[in-house]
Enquirer: 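Below: one structure in structure tokens.
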Amino acid sequence: MARLVAILATTHHPFYYRTSKLPPDQAPPFAAEWIRKVEAYRETLTRSRPDVLVMVGSDHFHQLWLDNMPQFLVGKAPYYDANWENEQREFGLPKMLLKGNEALSAYMLREGLDHGFDLAFSNELRIDHSITCPIITVRPEADLPIVPIYTNIFAPPLPRPERFVQLGRTIRAIIDAWPSHLRVAVIGTGHLSLELGGPRQFGPTGPDPEFDARAVEWIAEGDIDGCLANVTLDSLHAPGNATHGFMDFMLMMGVAGNRPADYADHLSLFHTMEAYFTWYPDPGLLDSGIAADRQESHA
């Protein structure tokens, strides 16, 4: 069977790529610390030695629109183009061509149906920065095949938070049962408190630091029950008009199960909180040094 070697949950800030390329005399004051944290986070994936990446994100009204909006969609293509023209223009993101893993996509779709999820699929999916930004930060070589999974966090009616957690648990069960020798990592990206186009968009911190602190604690501690007890579709409006992206973090908590993260870090930027979490389902599948580090940190 396939081996799930790492689960990563993170934000997907589209300006990181451009910021990381600036010379020191042109970079903003937070750039050096941001780059340092991203490079440390990158090691959590590198050390797990994955063969394929399952990427969870949300299309930003690029390919999916109100005339046809699936709640959950799996890419099923041999290759994926990225990024979109406005992302190249506004964020400086590069054009990319990413290889797919059609076998895992097909297995995910078949098993998803049998687990009670009528997943949509696309054989011609073009992906955007919710998936390419984490590849840029944790696998800049972009050399591993991917299975993209898109969730609807923008266009009501939205699935409830419980459904995101259920899908995460289902993704975990499907990967664990996949008849393959490959090592799989799941990487999901979402938002903490976030305002897009509203009056709180460009504050000195994220629009709701109190929510951000609680969210980081829920994720780091693996407190799915506490999170579900406090997060609803209605409550997610208050921290910012795009905070429903937090449900993708909840999906990743479902993949990881009710257990603390093995790695947790965050960084407050001028208008958002960046966050980085990693779980290792089986430390025995990691390099021996990482397994030892994990045991020491929990001693």
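When reading the values below, keep in mind they use all heavy atoms of this one structure, side chains included, and skip hydrogens, waters and symmetry mates. Numbering starts at 1 and runs along the sequence shown. The shown structure was predicted, so the numbers you read here are calculated from the model rather than taken from an experiment.
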Enquirer: Between the side chain of Gln71 and the main-chain N/O of Pro157, is any donor-acceptor distance below 3.5 Å?
Expert: yes

Enquirer: Quick check: closest heavy atoms across Pro161 and Val231, and the distance to 0.1 Å?
Expert: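 Heavy-atom minimum between the residues: CG-O, 3.8 Å.
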
Enquirer: Just how far is it from atom CZ of Phe91 to atom OG1 of Thr132, taken to the nearest 0.5 Å?
Expert: 10.0 Å

Enquirer: Hey, what do you get for CG (Leu98) to OH (Tyr80), rounding to the nearest 0.5 Å?
Expert: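 OH of Tyr80 is found 9.5 Å from CG of Leu98.
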
Enquirer: Are His271 and His13 close enough that their ring centres sit under 6.0 Å apart?
Expert: yes

Enquirer: Using the ring-ring contact (aromatic ring centres under 6.0 Å, His included) rule, take Phe154 and His244 through it: C-alpha gap first, then chi angles, then the decisive distance, then the call.
Expert: CA-CA 7 Å; Phe154 290 119; His244 286 87; 9.3 Å; no

Enquirer: How about Val165 and Ile224: do any of their side-chain heavy atoms sit closer than 4.5 Å?
Expert: yes

Enquirer: Check whether more than 12 heavy atoms from other residues, nucleotides or ligands sit under 6.0 Å from atom CZ of Arg49, and answer yes or no.
Expert: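 Yes, enclosed.
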
Enquirer: Do other residues, nucleotides or ligands put more than 12 heavy atoms under 6.0 Å from Lys37 NZ?
Expert: yes

Enquirer: Is the number of heavy atoms from other residues, nucleotides or ligands within 6.0 Å of CZ (Phe30) greater than 12?
Expert: yes

Enquirer: Does atom CZ (Phe15) have a neighbourhood of more than 12 heavy atoms from anything else shown, all under 6.0 Å?
Expert: yes

Enquirer: Heavy-atom distance under 4.5 Å between the side chains of Leu158 and Met247, does that happen here?
Expert: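 Sidechains of Met247 and Leu158: in contact.
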
Enquirer: Are the side chain of Tyr280 and the backbone N or O of Ile7 linked by a donor-acceptor pair below 3.5 Å?
Expert: no

Enquirer: Measuring from atom CD1 of Ile187 to atom CD1 of Ile149, what distance do you get when rounded to the nearest 0.5 angstrom?
Expert: 12.0 Å

Enquirer: Less than 6.0 Å separating the ring centroids of Tyr41 and Phe277?
Expert: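 No, the ring of Tyr41 stays outside the 6.0 Å limit from the ring of Phe277, centre to centre.
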
Enquirer: Measuring from Asp223:CG to Arg259:CZ, what's the distance to the nearest 0.5 Å?
Expert: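 Answer rounded to 0.5 Å: 14.5 Å.
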
Enquirer: Would you tell me whether His62 and Asn86 have side-chain atoms, one donor and one acceptor, within less than 3.5 Å of each other?
Expert: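 Looking only at side-chain atoms, Asn86 and His62 do form a donor-acceptor pair, the distance falling under 3.5 Å.
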
Enquirer: Show your working on side-chain contact (heavy atoms from CB on, under 4.5 Å) between Thr44 and Asp262 and close with a plain yes or no.
Expert: CA-CA 9 Å; Thr44 70; Asp262 295 295; over 6 Å; no

Enquirer: Give a yes or no on whether the backbone of His129 and the side-chain of His60 come within a donor-acceptor separation of less than 3.5 Å.
Expert: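 No; judged by distance alone, with no hydrogens or angles, the pair does not exist.
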
Enquirer: Which heavy-atom pair separates Leu192 from Ala215 by the least distance, and what is that distance?
Expert: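 It is CD2-CB, 4.0 Å.
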
Enquirer: Cation-pi between Arg42 and Tyr276: NZ/CZ under 6.0 Å from ring centre and within 45° of the ring axis?
Expert: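 Relative to the ring axis of Tyr276, which defines the angle, Arg42 lies outside at least one limit.
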
Enquirer: Could you tell me whether a side-chain N or O of Asp81 sits under 3.5 Å from a main-chain N or O of Leu97, the two making a donor and an acceptor?
Expert: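 Side chain of Asp81 to backbone of Leu97, a donor-acceptor pair under 3.5 Å: no, none is there.
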
Enquirer: Minimum heavy-atom separation for Pro281 to Arg172, with atom names?
Expert: CB-NH2, 3.7 Å

Enquirer: Heavy atoms only: give me the nearest Leu45-Pro50 pair and the separation to one decimal.
Expert: O-CD, 3.5 Å

Enquirer: Would you confirm whether Arg183, through its side chain, and Leu285, through its main-chain N or O, come within 3.5 Å as a donor-acceptor pair?
Expert: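 Flag set: sc Arg183 to bb Leu285 pair under 3.5 Å.
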
Enquirer: When hydrophobic residues are tied together by side-chain contacts of less than 4.5 Å, even through go-betweens, does Met253 share a cluster with Leu233?
Expert: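 Yes; Leu233 is reachable from Met253 via cluster members.
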
Enquirer: Taking the side chain as every heavy atom from C-beta outward, state whether Trp34 and Thr19 have any pair of such atoms under 4.5 Å apart.
Expert: yes

Enquirer: Would you check if the side chain of Thr11 reaches a backbone N or O of Ala275 as a donor-acceptor pair within less than 3.5 Å?
Expert: yes

Enquirer: If you look at every heavy atom in Gly240 and Thr243, which pair is closest and at what distance?
Expert: O-OG1, 2.9 Å

Enquirer: Spell out, as yes or no, whether a donor-acceptor pair under 3.5 Å connects the side chain of Asp212 to the backbone of Ser193.
Expert: yes

Enquirer: Less than 4.5 Å apart, side chain to side chain, heavy atoms only: is that true for Phe164 and Phe249?
Expert: no

Enquirer: Rounded to the nearest 0.5 Å, how far does CD of Glu33 lie from CG of Leu267?
Expert: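 Reported value, rounded in 0.5 Å steps: 6.0 Å.
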
Enquirer: Just by distance, with hydrogens left out, do Thr205 and Ser268 show a side-chain donor and acceptor under 3.5 Å apart?
Expert: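 No.
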
Enquirer: Looking at side-chain heavy atoms only, is the closest gap between Ile153 and Phe246 below 4.5 Å?
Expert: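 Side-chain contact under 4.5 Å: no.
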
Enquirer: Considering only heavy atoms from C-beta outward, does the side chain of Pro134 approach that of Met55 to under 4.5 Å?
Expert: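 Yes, at least one pair of side-chain atoms sits under 4.5 Å.
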
Enquirer: Once rounded to the nearest 0.5 Å, what's the spacing between atom CG of Leu113 and atom CG of Asp118?
Expert: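 Taking CG in Leu113 and CG in Asp118, the distance rounds to 5.5 Å.
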
Enquirer: Run the salt bridge (Lys or Arg N to Asp or Glu O under 4.0 Å) check on Arg126 and Glu124 step by step: do they pass?
Expert: CA-CA 7 Å; Arg126 184 176 176 186; Glu124 297 182 358; over 6 Å; no

Enquirer: Check the pair Asp248 / Thr189 against side chain to side chain donor-acceptor pair (under 3.5 Å), numbers first and verdict last.
Expert: CA-CA 6 Å; Asp248 278 343; Thr189 64; 5.8 Å; no

Enquirer: Flag the pair Glu87 and Arg18 as a salt bridge only when some basic side-chain nitrogen lies within less than 4.0 angstrom of an acidic carboxylate oxygen.
Expert: no

Enquirer: Report the C-alpha separation of Arg163 and Phe72 in whole Å, then their side-chain angles, then the decisive distance to 0.1 Å, and conclude whether the side-chain contact (heavy atoms from CB on, under 4.5 Å) test is met.
Expert: CA-CA 10 Å; Arg163 193 62 169 162; Phe72 303 113; 4.0 Å; yes

Enquirer: Measuring only between side-chain heavy atoms, which start at C-beta, is Cys227 closer than 4.5 Å to Met250?
Expert: yes

Enquirer: Looking at every non-hydrogen atom in both residues, tell me the closest pair between Ala27 and Leu22 and how far apart they are.
Expert: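 In this case the closest contact between Ala27 and Leu22 is CA-CD1, 4.0 Å.
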
Enquirer: Using the rule given for side-chain contact (heavy atoms from CB on, under 4.5 Å), can you reason through Glu274 versus Thr272, listing the C-alpha separation, both sets of side-chain angles and the distance that settles it, and then say yes or no?
Expert: CA-CA 6 Å; Glu274 295 296 279; Thr272 185; 3.6 Å; yes

Enquirer: With a 3.5 Å distance limit and no angle check, can you tell me whether Asn241 reaches the backbone of Leu196 through a side-chain donor-acceptor pair?
Expert: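 Looks like yes, one N/O pair under 3.5 Å.
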
Enquirer: Hey, is the main chain of Ala6 close enough, under 3.5 Å, to the side chain of Ser48 for a donor-acceptor pair?
Expert: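 Not confirmed, Ser48 side chain does not pair with Ala6 backbone.
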
Enquirer: Under 3.5 Å, is there a donor-acceptor pair between the Asp128 and Tyr150 side chains?
Expert: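 Indeed, the side chains of Asp128 and Tyr150 share at least one donor-acceptor pair under 3.5 Å.
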
Enquirer: Taking atom types as modelled, find out whether Asn83 and Gln88 have a side-chain donor-acceptor pair closer than 3.5 angstrom.
Expert: no

Enquirer: Do the side chains of Ile146 and Ile127 get nearer than 4.5 Å, heavy atoms only?
Expert: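 Yes. Closest side-chain heavy atoms under 4.5 Å.
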
Enquirer: Do Gln166 and Arg169 meet the criterion of a side-chain donor-acceptor pair at a distance under 3.5 Å?
Expert: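 No.
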
